[in-house]
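These notes are about the structure you will find just below.
All values reported here derive from a predicted model rather than from experimental measurement.
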Amino acid sequence: MSEYFLETSWCIPFYGLVGAILTLPWSTRIVRRTGPRPAAYFNLLMTVLALGHGLIVFNLVWDTEPYLIVFHWLKVMEIDFSLTLTISAVSLGAMSLITGLSLLAQLYALGYLEKDWALARFFALMGFFEAAMSGIAVSDSLLLTYGLLEMLTLSTYLLVGFWYAQPLVVTAARDAFLTKRVGDILLLMGLVALGTTAGTLDFDRLYIWAETAQLSPWFATALGLALIAGPTGKCAQFPLHLWLDEAMEGPNPASILRNSVVVACGAYVLIKLQPILALSPVASATLVAIGMVTAIGASLVALAQVDIKRALSHSTSAYLGLVFMAVGTQWTGFALMLLFAHAIAKALLFMSVGSIILTTNSQDLTELGGLQSKMPVTTTSFLVGSAGLVGLFPLGGFWALRLGADDFWYTEPGLLVVLLLVNGLSAVNLTRVYRLVFAGETQPKTRRAPEVAWPMAVPMVSLMMIALVCPWLLHQLSLIPNWNYVHKTTVFLVILSGIVGCVIGAKIPLQRSLARSILKPVKFIQDLLAYDFYIDRLYRMTVVFAVEQSARLTSWFDRYIVDGIVNLVGVVTLFSGEGLKYSSAGQSQLYVLTILLGVSVLVTLVGWFVYVHP
């Protein structure tokens with residue numbers, strides 16, 4: 001039986017896809033009499049099966065060598081493009097995290113979207129979403145991974161645009177799709193170049209090739225930058241980071257996955273590409289630079305947001321920036337551990353935020369307040385998620401950030417400062433959000449704010465318990481070192497940065513009347529951060545303007561030059577034909593004479609041209 005589960009582990013990603021297919025009769029409204037709930041139940045059943053199958057195989061492959069499953073796709077000469085899956089503790093752990101959070105998010109969606117007429121369509125998209133992410137987790141082929149990333153991009157577009165009757169939602173879905181396409185196109189170019197050079201796209205063979213590869217500096221740099229572009233878009237990193245902020249217009253159950261495991265999929269691919277990226281020092285330095293800019297910038301921008309979901313989405317970009325820094329400095333262990341801890345904490349935060357939005361019909365921080373006594377479960381979940389994110393002992397975020405601090409302590413002390421700064425700023429932001437939403441006086445929209453019903457409370461409490469036992473899980477997986485071998489200084493710095501951030505967040509004035517300050521210096525800083533350093537406007541003035549003018553020039557050239565020449569030839573042909581019609585008498589000798597005259601003129605012109613330009 002164990003061998004059967006192991007040999008059929010390749011089909012785990014197909015559970016979500018089968019669930020999406022089973023929902024089609026309801027999502028396409030072929031079946032109406034039963035309502036959309038049976039579609040949700042089918043998808044939930046398939047997710048439960050995927051999670052159970054994955055956990056069984058994870059237990060089988062723990063402490064064993066990776067098990068490869070190869071499907072040969074194309075063999076041409078010496079090039080072998082195969083679709084390879086790797087069944088290992090890391091890949092099965094990542095897939096179990098994806099299916100587990102997907103299950104909780106779908107249970108949560110039963111309550112959150114209970115009255116939505118398109119509930120079946122949402123669950124169909126969630127199944128598609130889950131299938132793409134699960135496939136990325138076990139894929140050992142860059143070719144297969146790229147195809148699954150495209151599935152993920154399409155799923156993001158459809159889920160962000162779920163409420164397509166709203167113009168802002170349509171704009172957000174379009175921007176998310178097009179922004180990711182920029183990175184995907186460059187990644188495709190890198191994939192083609194890498195496959196041509198290495199002769200394979202399987203990660204295991206690429207690692208062997210990278211050990212002895214002799215590439216010219218310019219080619220290695222171009223290849224590395226192209227491979228970086230795809231994960232940069234998927235992880236919402238500068239300069240392809242604006243889409244995640246806009247994607248918060250979609251349903252909150254999808255935001256739970258998007259801010260926890262969807263962005264982590266891009267980082268997971270980046271981690272697997274790290275041995276190839278290490279061939280170019282420029283690419284590694286670019287990774288670090290992108291991570292630093294995004295981590296610090298997004299942490300600052302989050303402080304000025306008045307939309308509760310956007311305040312959390314910017315912190316997602318900030319923590320993924322730390323992952324980019326870790327991969328650029330080859331500390332992939334820290335990157336994986338941070339992705340795990342961040343996914344659990346951020347999913348819990350978005351569950352608590354979704355409860356607030358559903359109860360109050362508002363996500364504006366200036367309209368909320370006094371929910372601590374009215375929504376105790378939601379309040380506790382937010383506190384546990386915040387503590388797990390900012391590295392407060394002993395939750396998962398602390399152990400992940402401690403590992404990063406240890407890694408940077410000896411090799412990159414400057415990056416250690418960035419890590420501590422991001423942790424502190426995140427603590428300030430989360431404390432600010434807590435004070436505005438849960439503490440303080442009750443606002444008009446929060447006077448009648450009961451706790452959410454059990455379909456939303458059960459998955460939220462379940463995830464809160466997982467976040468609390470996260471240190472035990474890390475200990476069972478041998479990811480927490482013996483305390484005697486822990487660097488005490490870095491532990492102190494991580495804890496201190498979190499505490500200082502919480503204290504600052506608790507002391508800064510947060511009068512709701514000052515949400516838009518009238519003081520020019522304060523207003524300038526608020527606007528600078530609230531509008532994301534005006535990067536959107538900068539894009540419109542540079543990239544968008546250049547593309548628009550290029551399109552207009554191309555349109556003018558096509559209309560007046562290309563079409564003009566074609567129309568001119570047509571007009572000349574028309575008039576010459578009409579003229580010949582009246583000048584011919586139907587006698588063959590006249591036709592021969594006309595042909596001879598034409599050939600004579602043509603030969604004369606050719607001879608003159610050869611004589612002038614010998």
- [ ] Just say parallel, tilted or perpendicular for the rings of Phe14 and Trp10, cut-offs at 30° and 60°.
- [x] perpendicular

- [ ] Look at atom OH of Tyr539 and say whether more than 12 heavy atoms of other residues, nucleotides or ligands are closer to it than 6.0 Å.
- [x] yes

- [ ] Mind listing the closest non-hydrogen atom pair of Leu186 and Ala226 along with its distance?
- [x] O-CB, 3.4 Å

TODO: Measure the OH-CG distance between Tyr67 and Leu92 for me, rounded to the nearest 0.5 Å.
DONE: 12.5 Å

TODO: State, to 0.1 Å, how close Ile256 and Ala105 come at their nearest heavy-atom pair, and which atoms those are.
DONE: CG2-CB, 4.3 Å

Task: Criterion side-chain contact (heavy atoms from CB on, under 4.5 Å) against Asn259, the qualifying member of Leu320, Leu244, Leu312, Leu349 - done: Leu244

Task: Heavy-atom closest pair, residues Gly161 and Val169 - done: CA-CG1, 3.5 Å

TODO: Report the distance from atom CD1 of Ile356 to atom CG of Asn361, rounding to the nearest 0.5 Å.
DONE: 13.0 Å

Task: For Val327 against Ala335, the heavy-atom pair lying closest together - done: CG2-CB, 4.2 Å

Task: Donor-acceptor contact present, side-chain Tyr319 to main-chain Lys346, <3.5 Å - done: no

- [ ] Could you tell me whether Met151 atom CE has more than 12 heavy atoms of other residues or ligands within 6.0 Å of it?
- [x] yes

Task: Gap separating the OG1 atom of Thr232 from the CZ atom of Phe324, nearest 0.5 angstrom - done: 4.0 Å

Open item on the list: Tell me if a side-chain donor or acceptor on Glu451 pairs with a main-chain N or O of Thr378 at a distance below 3.5 Å.
Closed with: yes

Task: Asp307 versus Gln363, closest heavy-atom pair with distance - done: OD2-NE2, 2.9 Å

Task: Euclidean distance, Ser134 OG relative to Leu51 CG, rounded to 0.5 Å - done: 10.0 Å

Open item on the list: Looking at Glu65, I want to see if its CD is surrounded by more than 12 non-hydrogen atoms of other residues, nucleotides or ligands under 6.0 Å.
Closed with: no

Task: Derivation and outcome, side-chain contact (heavy atoms from CB on, under 4.5 Å), residues Lys234 and Val263 - done: CA-CA 6 Å; Lys234 294 292 185 292; Val263 292; over 6 Å; no

- [ ] Please indicate whether Tyr146 has more than 12 foreign heavy atoms, meaning atoms of other residues, nucleotides or ligands, lying under 6.0 Å from its OH.
- [x] yes

Task: Heavy-atom donor-acceptor pair, Gln237 side chain to Ser317 backbone, under 3.5 Å - done: yes

Open item on the list: Counting C-beta onward and ignoring hydrogens, is there a side-chain heavy-atom pair between Val61 and Ser88 closer than 4.5 Å?
Closed with: no

- [ ] Quick one: do Arg310 and Glu249 satisfy salt bridge (Lys or Arg N to Asp or Glu O under 4.0 Å)? Show the steps, please.
- [x] CA-CA 9 Å; Arg310 299 195 175 199; Glu249 299 296 331; 2.9 Å; yes

Task: Smallest separation among heavy atoms of Ser139 and Thr145, with atom names - done: OG-OG1, 2.8 Å

TODO: Check for a donor-acceptor pair, side chain of Ser280 on one end and backbone N or O of Leu277 on the other, with a separation under 3.5 Å.
DONE: no

Open item on the list: Please confirm whether the ring centroid of Trp26 lies under 6.0 Å from the ring centroid of Phe42.
Closed with: yes

Task: Side-chain heavy-atom pair Asp204, Ile208 within 4.5 angstrom cut-off - done: no

- [ ] Decide yes or no on side-chain contact (heavy atoms from CB on, under 4.5 Å) for Ile357 and Tyr112, but give the supporting numbers first.
- [x] CA-CA 10 Å; Ile357 295 172; Tyr112 191 89; 3.8 Å; yes

Task: Step-by-step side-chain hydrogen bond (donor to acceptor under 3.5 Å, both in side chains) determination, Thr332 to Lys272 - done: CA-CA 9 Å; Thr332 54; Lys272 298 180 80 170; over 6 Å; no

Open item on the list: Side chains of Phe203 and Thr84, heavy atoms from C-beta outward: is any pair under 4.5 Å?
Closed with: no

Open item on the list: Measuring only between side-chain heavy atoms, which start at C-beta, is Met351 closer than 4.5 Å to Ser381?
Closed with: no

- [ ] Would you check if the side chain of Lys309 reaches a backbone N or O of Met248 as a donor-acceptor pair within less than 3.5 Å?
- [x] yes

Task: Donor-acceptor contact present, side-chain Tyr268 to main-chain Ala137, <3.5 Å - done: yes

Open item on the list: side-chain contact (heavy atoms from CB on, under 4.5 Å), that's the test. Do Met46 and Leu17 meet it? Break it down for me.
Closed with: CA-CA 9 Å; Met46 300 311 297; Leu17 190 60; over 6 Å; no

Open item on the list: According to side chain to side chain donor-acceptor pair (under 3.5 Å), does anything in residues 116-131 pair up with another residue at least two apart or in another chain? List the pairs.
Closed with: Thr47-Glu130, Ser102-Glu130, Gln106-Glu130, Asp116-Trp163

Task: Pairwise side-chain contact, Asp140 with Ile69, heavy-atom cut-off 4.5 Å (strictly under) - done: no

TODO: Output every pair passing ring pair (Phe, Tyr, Trp, His ring centres under 6.0 Å) with a member in residues 224-244, not counting sequence neighbours, ordered by first then second residue.
DONE: Phe238-His241

Open item on the list: So Phe122 and Thr23, do their side chains get closer than 4.5 Å, heavy atoms only?
Closed with: no

- [ ] Give, for atom CZ of Phe5 and atom CG of Leu55, the distance between the pair rounded to the nearest 0.5 Å.
- [x] 11.5 Å

TODO: Enter the distance from Ser91:OG to Leu85:CG here, rounded to the nearest 0.5 Å.
DONE: 9.0 Å

- [ ] State, yes or no, whether a side-chain contact exists between Lys180 and Glu150 at a heavy-atom distance under 4.5 Å.
- [x] no

Open item on the list: Met337 vs Leu474, test: side-chain contact (heavy atoms from CB on, under 4.5 Å). Steps then yes/no.
Closed with: CA-CA 9 Å; Met337 195 169 179; Leu474 295 175; 3.7 Å; yes

Open item on the list: When you measure from the side chain of Thr179 to the backbone of Ala176, do you find a donor-acceptor pair of N or O atoms at a distance under 3.5 Å?
Closed with: no

TODO: Answer whether the closest heavy-atom distance between the side chains of Trp209 and Leu279 falls below 4.5 Å.
DONE: yes

Open item on the list: Tell me if a side-chain donor or acceptor on Asp245 pairs with a main-chain N or O of Ser313 at a distance below 3.5 Å.
Closed with: no

